[in-house]
Amino acid sequence: MNFHVLTIFPSMFDEAFQEGVVGKALGRGLITLNAHDLRSFAQDHHRSVDDYTFGGGPGMLMSPGPLFAGVEHIKESYEIQDSPVVLLTPQGKTLNQVDIEQFSTKSDLILICGRYEGVDDRVRQELVTHEVSIGDYVLSGGELASMVLIDAVSRLVHGVVGSIESTQDDSFTTGLLQFPQYTRPAEFRGHKVPDILVSGHHSEIAKWRRREALRRTLIRRPDLLDYADLTTEDREFIDSISDETLSI
Ligand code: 6GU
């Protein structure tokens, strides 16, 4: 998986991915990350990448010239004419794990980091295949958002996360939030790990985890239950606790 980023702050990416799972994946060559300086595709001596908006109004817009030149350069040099071109913008579709799984099937992703008040709409119309937001709040630019996407997609690239199972139980992959987990000690400051988890009864543990995932999802994110893959037993359990007063 190769990430190609167009940004006015390429050095932000060098810093961000030196550590952790993604840093290790870069080191092992499982993924590559090329942060291209948008200013190097500017078409004037001032290296401008933004301009005033037609029709007036505050703020500056990212000009089409450098973005078109940058994306065309990336597509030609890596021979990736048909790769997705993702614009990170608060106007985009809010990312979810299904989107991340779909992006993880691609060999190359071109990511455009929006800055200023936005981008000239012809970029969106002619160049961009996906517009993506990471949530309902406003960042000063798309760089952090594209790092979020890169991190989430990289975890799903084969070999990046130790075992496939580690990603299969993730919150959202199953359509549910994750069940509570514990490690040693079995008792900490008077709080014990639930008996069932130290019982060694694997089928009972699996059942407990499923129920706790359902309970947590019902309380925190009931909207997710509309899309989750639920068995009759799951639905019976949800009905049985729906009326109770619960806290986690
Ligand atoms: Cl992708 N960009 C910006 N600037 N703000 C955001 C965002 C993206 N997603 C949420 N807020």
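Being a predicted model, the structure only gives us computed values, none of them experimental. One-based numbering, in listed order, for ligands and for the atoms of each.
- When each atom of ligand 1 is checked for a heavy atom of I134 under 4.0 Å away, the hits are 9 (N), 10 (C).
- Here the heavy atom of the protein found nearest to atom 10 (C) of ligand 1 is G135 O, 3.1 Å.
- Close to ligand 1: V132, with a non-hydrogen atom less than 4.0 angstrom away.
- Interface atoms of ligand 1 facing A145, defined by a heavy-atom separation under 4.0 Å, are 1 (Cl), 8 (C).
- The nearest protein atom to atom 5 (N) of ligand 1, hydrogens excluded, is given as L139 N, 3.0 Å; this is a heavy-atom distance.
- By the 4.0 Å heavy-atom criterion, P90 is counted among the residues contacting ligand 1.
- Ring pair Y78/H36 is perpendicular by interplanar angle, where above 60° counts as perpendicular and below 30° as parallel.
- For the pair L176 and A228, the tightest heavy-atom approach, listed with the atom from each and the gap, is CD2-CB, 3.9 Å.
- Ionic pairing of E72 and K75 is not present here: no N-O contact between side-chain nitrogen and carboxylate oxygen is shorter than 4.0 angstrom.
- Salt-bridge formation is not detected for the pair E233/R210: no Lys NZ or Arg NE/NH1/NH2 atom is positioned less than 4.0 Å from an Asp or Glu carboxylate oxygen.
- Against a heavy-atom cut-off of under 4.0 Å, S133 is close to the following atoms of ligand 1: 1 (Cl), 9 (N), 10 (C).
- The protein heavy-atom contact nearest to atom 11 (N) of ligand 1 is Y137 O, 2.5 Å.
- Using a cut-off of 4.0 Å between Lys/Arg side-chain N and Asp/Glu carboxylate O, R221 and D223 are scored as salt-bridged.
- Looking only at protein heavy atoms, the nearest one to atom 1 (Cl) of ligand 1 is T89 N, 3.1 Å.
- A salt bridge is defined here as a Lys NZ or Arg NE, NH1 or NH2 lying under 4.0 Å from an Asp or Glu carboxylate O, and R115 with D50 fails to meet this definition.
- Under 3.5 Å, the side chains of E143 and T7 contain a donor-acceptor pair of N or O atoms.
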